2 protein chains.
Amino acid sequence: MKATIYDVAKKAGVSIATVSKVINNNTGNMRDSTKQRVKKAMEELNYHPNVMASALMGKGTKTMGLLVPDISNPFFSEIAKTIEDRAHEKGYSVIMCSTDENEEKEKKNVELLQNKLVDGFIVSSTYSDKSILQDLIRNGVPVVMLTQDDPAMDVSKVFVDDFKGGYEATIHHLQNGHHNIAIISEQLALASVKRTEGYLQALKTYGIRPRQEYIVRTRGKIANGIKAFDNLFQLPEPPTAIFACNDQLAIGVMLGAKERGIRIPDQLSLIGFDDTILATATYPRLTTVAQPIARMGKTVVNLLIEEIQLGHSRKERILYNPQLIIRETTGKAPKVETN
Amino acid sequence: MKATIYDVAKKAGVSIATVSKVINNNTGNMRDSTKQRVKKAMEELNYHPNVMASALMGKGTKTMGLLVPDISNPFFSEIAKTIEDRAHEKGYSVIMCSTDENEEKEKKNVELLQNKLVDGFIVSSTYSDKSILQDLIRNGVPVVMLTQDDPAMDVSKVFVDDFKGGYEATIHHLQNGHHNIAIISEQLALASVKRTEGYLQALKTYGIRPRQEYIVRTRGKIANGIKAFDNLFQLPEPPTAIFACNDQLAIGVMLGAKERGIRIPDQLSLIGFDDTILATATYPRLTTVAQPIARMGKTVVNLLIEEIQLGHSRKERILYNPQLIIRETTGKAPKVETN
DNA sequence: TTGTATGCGTTATCAT
DNA sequence: ATGATAACGCATACAA
């Protein structure tokens, strides 16, 4: 049977209060000898405090919930990895939940976790029903947003400057002489609208009028990237450059292009976003806008734990710089045929 | 403040015992009217039972631990997704832990979870110190192994026939006329040794003597795939076909080959394993041995929950068939130059 | 410096 | 058919 605090107390010849004190390091007024005696007893019994019981007493569970759209998306699994690592270092566990951009699941996940065992939430998925999160926040549950700067959420946030990322990607295309630049954005991601705004701004800087038909919105999967590409290339005047708002979409474009015999980067320049494992798995290697995944992951965890201990949100907004990583899918615009 | 069972009882004008009964569906001897009254009160107060408290009473936490080598590896994140989905359907949460094939983390993860909040474990990572898991099992903690059939673990297992997968991949190469077939295997994965055995068996079937220099062991990352390829191609007689024991390794080979101007599949045939997102993200698309990820994920969860409720292991071994998916990286062996 | 007693929100046993 | 009450393992105010 598992040892309880009573077993330890008996073995050490003290009361449970004393044991409790050494567990919680309230050993201010305690003879060092008793402390050692208790510690020894804990060792020998292989005693570990029952988290459930101490949680009942108002202590936390040392567990955090991680809400992402889809853990099987490389970007999220990569950031989940860094979150997990950091959390473990700090003695926390992380429960993961994919919302699948599905309102029902969003709600169910939060319910599942809330009255259960988490001390706080990291949320990296856009909620269609924001009241779910807002209720949480109003009730004083620590929440830190990751990957999105949603003004509707008055909590701490860790994210990259998506506008800048979109801007710089587009500028890179423009500097290469492209004028017909399309963007494929993620329908439901807040970050994608920022990236689109950056794209628009870059166009403006170069005095180029945006075209509706060059702006496509879809879900961020490979298959949709292929579709988007197909549609774009049925246009009377197809783009010579594409900025895809995530790597999966970009991969889709590459696949579609291969299928149609369109060479990248000679006939089509392409930029992705995220710099996931996918970006280096393709040939040619994908030019993409990198997010500092490791630093972001570590930072959200630190911030969340800090707020859990603090008891309230610091409402910080931590903004990282995206970085355009030029690899092999971008190049000069093809000569325009003047007709 | 969160509502407790007392609040509900008061509101419904009954005792907490009665409320508890409707919570747990022990409504055998209960007037339907009271039951409804209680339910209504719960609704109105937005009452959710405190899992910690009920866990204290011996009920489980409805949480399972998922131990994988690395959640950022697409294979594991994809299977984690299906596990999560199924677990949620059944009202369970999943806590994920990457062991990083690091003995310290292995131990720490289990400790983190054990005395904490999980009702059982799904373990899909090879433990270098098996006693950690065996202690768990001996203590009656439900454990189901995923992805590996380790004879040292006397519990239920869900996995593919790795031997067969390795065998069929190699046979495919052989049928294409290849004789110089190399294998790149994952150093630490039990599954990889089975796949290697299948490879060896296939060779034997065709009367081909295995060559030591064609058998390379490494960690399953893209970078290592590149290195392995480089080494293989510095051999006096490089292979004309490679079987990589996971998709990442295979991607590494593709990248290395591109770098050296070696065309796939014309000059080199390549097969991967797992059929992750990576396999369809490359060009040409990767021929690979698929594991039925979705079915395996669903099955482990079902099995684990069953055993949690049952109170003991059923010690089932559920074996799935791998499936060779022939895409575009495999083809006929180049004509041999007789000299 | 250490121990006693109470409560945290449940479940379960036994009365009523 | 329903209610009173004792655990569960721990933290903490208060006593000693």
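Bear in mind that the values here come from a model prediction, so they are computed numbers and not experimental data. All chains are named by letter (A, B, ...) in the order of the sequence lines, taking the proteins before the strands, and each is independently numbered beginning at 1.
Look at NZ on B:Lys62: it is 15 Å from C1' on C:dT10, rounded to the nearest Å. As rounded to whole Å, 12 Å separates atom P of D:dT2 from atom CD of B:Gln36. Atom pair B:Ile5:CD1 and C:dG7:C1' shows a separation of 16 Å (rounding to whole Å applied).
Near DNA chain C, meaning a heavy atom under 4.0 Å from it, residues 17-34 of chain A has A:Ala17, A:Thr18, A:Lys21, A:Asn29, A:Met30, A:Arg31, A:Thr34 in order of number.
Taking 4.0 angstrom as the limit, A:Ser54 places none of its side-chain polar atoms (N or O) nearer than this to OP1 or OP2 of D:dC10. The phosphate of D:dC10 has OP1 or OP2 within less than 4.0 Å of a side-chain N or O from A:Tyr47. Checking the phosphate oxygens (OP1, OP2) of C:dG9, no side-chain nitrogen or oxygen of B:Thr4 falls inside 4.0 Å.
Between B:Leu67 and the choices B:Ile95, B:Val123, B:Leu146, the side-chain contact (heavy atoms from CB on, under 4.5 Å) rule is met once, by B:Val123. Only one option out of A:Arg314, A:Glu306, A:Glu307, A:Glu316 pairs with A:Ser156 in a side-chain hydrogen bond (donor to acceptor under 3.5 Å, both in side chains); it is A:Glu307.
Looking at the side chain of B:Lys59, the nearest of the listed nucleotides C:dA12, D:dG9, D:dA4 is C:dA12. Set against D:dA11, D:dT5, D:dG9, the side chain of A:Asn50 has D:dG9 as its closest nucleotide.
Not counting sequence neighbours, the partners of B:Lys315 by the side-chain contact (heavy atoms from CB on, under 4.5 Å) test are B:Asp154, B:Ser313.
Two end axes, each from the C1' atoms of five base pairs, can be drawn for the helix from C:dT1-D:dA16 to C:dT16-D:dA1; they diverge by 40°, to 10 degrees.
To the nearest 0.5 Å, atoms CZ (A:Phe76) and CD1 (A:Ile293) are separated by 9.5 Å.
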